[in-house]
2 protein chains.
Amino acid sequence: MSIEIKISLNEGIYLKDPQDSPLGRNIIKHSILLIEDVGFEAFNFKKLAQEINSTEASIYRYFENKHALLIYLVSWYWAWVSYLIKINTMNIDDPKKKLEIIINSFVLASMDNPSNDYVDENKLHSIMISEGTKAYRTKGVDEENGKGFFKNYKELITMVAGVILDIAPTFEYPYTLASTLFEMSNDQLYFAKHLPRLTDIKEKENKYAEVEKMLNYITAKLLY
Amino acid sequence: MSIEIKISLNEGIYLKDPQDSPLGRNIIKHSILLIEDVGFEAFNFKKLAQEINSTEASIYRYFENKHALLIYLVSWYWAWVSYLIKINTMNIDDPKKKLEIIINSFVLASMDNPSNDYVDENKLHSIMISEGTKAYRTKGVDEENGKGFFKNYKELITMVAGVILDIAPTFEYPYTLASTLFEMSNDQLYFAKHLPRLTDIKEKENKYAEVEKMLNYITAKLLY
DNA sequence: TTTTTTATGATAGTATTACTATTATTTTGA
DNA sequence: TCAAAATAATAGTAATACTATCATAAAAAA
């Protein structure tokens, strides 16, 4: 028995809510597996259709194109991390402790607590690390931002910035620090794996713990 | 009269050195203009050929594909920033002052000092901001890294990490901080322009100065 | 249950992209 | 001035990113 969380995502991202049908959920599930496997550039709806024994045309009824699907996945991730943080900080008052939990959620995201049976949060995290920024680094950002496609990211950052300000009310860069912690977490994990000379994090079992420690150290220096 | 710097880039990136011929230099020049204009996804060799009154086939003699061309541009940028830092810190001994110059070079990169007549460093910087990470966020990273395609980035970061260690020999994260300063500079400028709720930097004339100030503040807190 | 609606599948087709190949022409430079 | 190299012109192919149409199956409404 799994906890069923219905993640709330901006309706404009999809043509038809994939959470509402078996085919839709299959699209999400296997798009994560396939993007992880072949990378976003080589990923396409034809290959995805083959994986799930469906057709290109059927997938196009859910998403306008693979870019929209990526925004969907990334938004799911942002929403999922927000959710994780919310439940894990629910009974916590100390904002310093809260920020530690936030950092832990940025770095580990999924290690535990799979929310449902069609989204593998672990794999989704690794897509986030390699492909995440491609969701908003496009010519269409401004238009898509206008339609609210990145709302989940902004909400997450706003929440984190709030905690930062609770710790240090006069700190001048709460939003910058919040987005930097998120981006750093992904960047440094990516570098550890692929471009190790750009980071001090070593590609080992405990690299997540190392990144966590590093981010905690940095925030402590900046805020305490 | 312009200073002619021959930027040294890994030979594997191109099939034929574009710096050595008028067509090659034209390819570089107009690829920068065109990518800035239409974005990397919509950019292709056919459009580029039209811009320079040449042909697709001719461009393919210089670069295997548009991805290789992006790596070339990004490597140019990394090499250019390294060069800028080198000449601007040449007579400086104080590593703190050096790091300030490094940060200034990360943020402004080009504002002054155009090195030659076919690379517009200003536009190249803005490509770096929007498209830069796409050069190494691909399925081929490991293979390309093996061929030394990202050497210029690593050299830049190694140099900066060295300065960081000169300031604070016991600091545990010199490489992480170096790459973070570089990435933050680009990310925060991008956010200021397109996703302002993710940053404290305001999209104004002096946003570069703001980012510079912010990065100096952060490094000071972490290292001094 | 029957009918109607909706979702999906099967198939086909188009425009664009990302190349490769071939031959002609121009440029360079020995 | 002749040979070699670089570029242009042209054509062609396989894959991609869709769109359209119609058949069928499943779900919902009557």
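- A:E41 comes within 4.0 angstrom of nothing in the nucleic acid, heavy atoms only.
- The shortest heavy-atom contact between A:N10 and A:K147 is ND2-O, 3.1 Å.
- Across the protein-nucleic acid pair, A:F43 atom CZ and D:dA15 atom P stand 19 Å apart, rounded to whole Å.
- Among pairs with a residue in residues 39-65 of chain B, those fulfilling salt bridge (Lys or Arg N to Asp or Glu O under 4.0 Å) read B:E41-B:K134, at least two apart in sequence or across chains.
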Next item on the list: Please report the C-alpha distance between B:F106 and B:F182 in whole Å, then the side-chain angles of each, then the deciding distance to 0.1 Å, and finally whether the ring-ring contact (aromatic ring centres under 6.0 Å, His included) criterion is met.
Entry: CA-CA 6 Å; B:F106 282 179; B:F182 187 86; 5.1 Å; yes
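- Per the geometry, CG belonging to B:L15 stands 14 Å off C1' belonging to D:dA6, to the nearest Å.
- Atom NZ in B:K66 sits roughly 9 Å away from atom P in C:dT17 (whole-Å rounding).
- The nearest whole Å value for the distance from the CZ atom in A:F40 to the C1' atom in D:dA17 is 12 Å.
- One interatomic measurement links the two molecules: CG of B:N26 to P of D:dA6, which rounds to 17 Å at whole-angstrom precision.
- To the nearest angstrom, C1' of D:dA5 lies 16 Å from CG of B:D17.
- Side-chain contact annotation: B:T180 with B:Y173, donor-acceptor N/O pair under 3.5 Å absent.
- Here C:dA7 presents its P atom at 14 Å from CZ of A:R25, a figure rounded to the nearest Å.
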Next item on the list: Apply salt bridge (charged side-chain N to carboxylate O under 4.0 Å, His left out) to A:R137 and B:D187, showing your working.
Entry: CA-CA 10 Å; A:R137 295 285 231 275; B:D187 282 352; 2.9 Å; yes
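- Listed in residue order, the members of residues 44-63 of chain A having a heavy atom less than 4.0 Å from DNA chain D are A:N44, A:E56, A:A57, A:Y60.
- Looking only at atom types and distance, the side chain of B:E36 has no donor-acceptor partner in the side chain of B:S130 under 3.5 Å away.
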